[in-house]
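Just below is one structure, and these are the notes that go with it.
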Amino acid sequence: MKATMNLGMYLGLLNKEGKLLLRRREETESIIPGVSFRGNWELPGGAVEETPAEKVRYDYPIQEAVREVAEEVGISVSLAGMPPVFLAFFKGPKGYDLAGVTPLITAEEPTRGETVWVSPSELKALAQEFISETDAKKQGLKEAKGLLGGWGKRMCCLALVALSHSPNPEFAKQAQEMLKEIQKGW
C-alpha cells in the first residue's frame with residue numbers, strides 16, 4: 001500500500017526584532033470539506049501543488065513555499081540548497097498529512113494582504129481566541145478569529161518552532177517553553 005498525504009510548506013519569517021509574520025487567510029477552501037478558515041491568521045505558505053513533471057528537484061516543496069510567500073505577502077526570498085525544515089504530522093480528513101516550516105530572518109516588509117508581526121505571547125493570545133469562519137457564522141459572528149486551529153494545534157506548533165529560532169533570545173526562550181507546555185498534552 002502506498003502512502004499519500006497532503007503536504008503544506010510554510011516559511012517562518014522573522015524580523016530583526018524577532019517577531020514572526022502571520023497573514024490573514026483569504027481562501028475559503030480548506031482540506032476539511034465544508035469548513036472555511038478564511039479570516040484566521042496563519043503562516044505564509046500553503047499546500048504543495050502536484051506537478052506533472054516526471055522528476056522534481058529535492059527542494060521542490062521549499063520552492064513552492066517561496067512562491068506562495070511571494071504571492072501571499074509580497075516578500076521575495078531566495079533559499080538555496082536544502083534549508084532546515086521542521087515537520088509536523090496531523091490527522092486530516094483523508095488520513096495523515098504533513099506540514100513543514102523553515103525559519104528565516106528577513107529585513108523585508110510585507111506588501112500584500114493583511115499581515116501582523118507577533119511575539120510568542122501575542123501568538124498565544126491569537127491561538128486562544130480561535131474561531132473558524134464556519135463556526136463564526138453559526139454563532140452569528142461577522143468573521144473568523146485568531147490563529148488557524150487554535151492553541152497547541154498544527155499551525156500554532158509550526159509558528160512556535162519558527163519563533164524558537166528568533167534572533168530575540170527572550171522570544172526564542174518563550175517559544176521553546178510554550179512548545180514544551182503543549183508537548184506535555186500529547
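We're numbering straight along the sequence, starting at 1.
The salt bridge (charged side-chain N to carboxylate O under 4.0 Å, His left out) check on E181 picks up K124, with sequence neighbours excluded. Remark: V85 engages M9, I62, L87, T102 in a side chain to side chain contact (heavy atoms under 4.5 Å, CB included) (not counting sequence neighbours). The side chain to side chain contact (heavy atoms under 4.5 Å, CB included) search around C156 returns A127, L147, W151, L160, I182, not counting sequence neighbours. By the side chain to side chain contact (heavy atoms under 4.5 Å, CB included) test, E29 pairs with E27, sequence neighbours left out. Remark: E122 engages K19 in a salt bridge (charged side-chain N to carboxylate O under 4.0 Å, His left out) (not counting sequence neighbours). Applying the salt bridge (charged side-chain N to carboxylate O under 4.0 Å, His left out) rule to R67 yields the partners E64, E71; only residues at least two apart in sequence or on another chain are considered. Considering only residues two or more places apart in sequence or on other chains, F130 meets the side chain to side chain contact (heavy atoms under 4.5 Å, CB included) condition with F37, N40, S132. The salt bridge (charged side-chain N to carboxylate O under 4.0 Å, His left out) test applied to E68 returns no partner, not counting sequence neighbours.
Residues C157 and W186 form a side-chain contact, since some pair of their non-hydrogen atoms from C-beta on lies under 4.5 Å apart. For the pair L21/I75, a side-chain contact is recorded, criterion being any heavy-atom separation below 4.5 Å from C-beta on. With contacts defined as side-chain heavy-atom distances shorter than 4.5 Å, the pair E170/Q174 qualifies. When side chains are defined from C-beta on, L43 does not count as touching L11, because their heavy atoms never get closer than 4.5 Å. Two residues are said to be in side-chain contact when any heavy atoms from C-beta on lie closer than 4.5 Å; L104 and L14 fail this criterion.
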K16 vs I105, side chain to side chain contact (heavy atoms under 4.5 Å, CB included): CA-CA, chis, key distance, verdict: CA-CA 7 Å; K16 63 183 178 184; I105 298 170; 5.7 Å; no
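At a threshold of 4.5 Å between side-chain heavy atoms, the hydrophobic network of Ile, Leu, Val, Met, Phe, Trp and Tyr places I131 and V35 in two separate groups.
E143 and A136 make their closest contact through O-CB, 3.3 Å (heavy atoms, listed as atom of the first residue, atom of the second, distance). Closest non-hydrogen pair, P103 versus P84, comes out as CD-O, 4.3 Å. The two atoms that bring L126 and W41 nearest to each other are CD2-CD1, 3.9 Å, heavy atoms only. Closest approach of F171 and G18 over heavy atoms only: CD1-O, 3.4 Å. In terms of heavy-atom proximity, P167 sits nearest to P169 at O-CD, 3.3 Å. Counting all heavy atoms, side chain and backbone alike, L22 lies closest to L123 at CD1-CD1, 4.0 Å.
Applying the salt bridge (Lys or Arg N to Asp or Glu O under 4.0 Å) rule to pairs touching residues 146-156 yields nothing, sequence neighbours excluded. For the side-chain hydrogen bond (donor to acceptor under 3.5 Å, both in side chains) condition, no pair includes a residue of residues 159-168, sequence neighbours left out. Annotation: salt bridge (Lys or Arg N to Asp or Glu O under 4.0 Å) contacts involving residues 77-87, sequence neighbours excluded, are absent. Screening residues 31-44 for salt bridge (Lys or Arg N to Asp or Glu O under 4.0 Å), with sequence neighbours left out, gives R23-E42, R25-E42, R38-E133.
At distances below 3.5 Å, at least one donor-acceptor pair connects side-chain atoms of T134 with backbone N or O atoms of S36. A donor-acceptor pair under 3.5 Å is formed between the side chain of Q63 and the backbone N or O of L79. Without hydrogens or angle criteria, D97 side chain to N6 main chain gives a donor-acceptor distance under 3.5 Å.
Remark: L158 CG to L163 CG distance equals 11.5 Å, nearest 0.5 Å.
A donor atom on one side chain and an acceptor atom on the other are found under 3.5 Å apart for W117 and E109.
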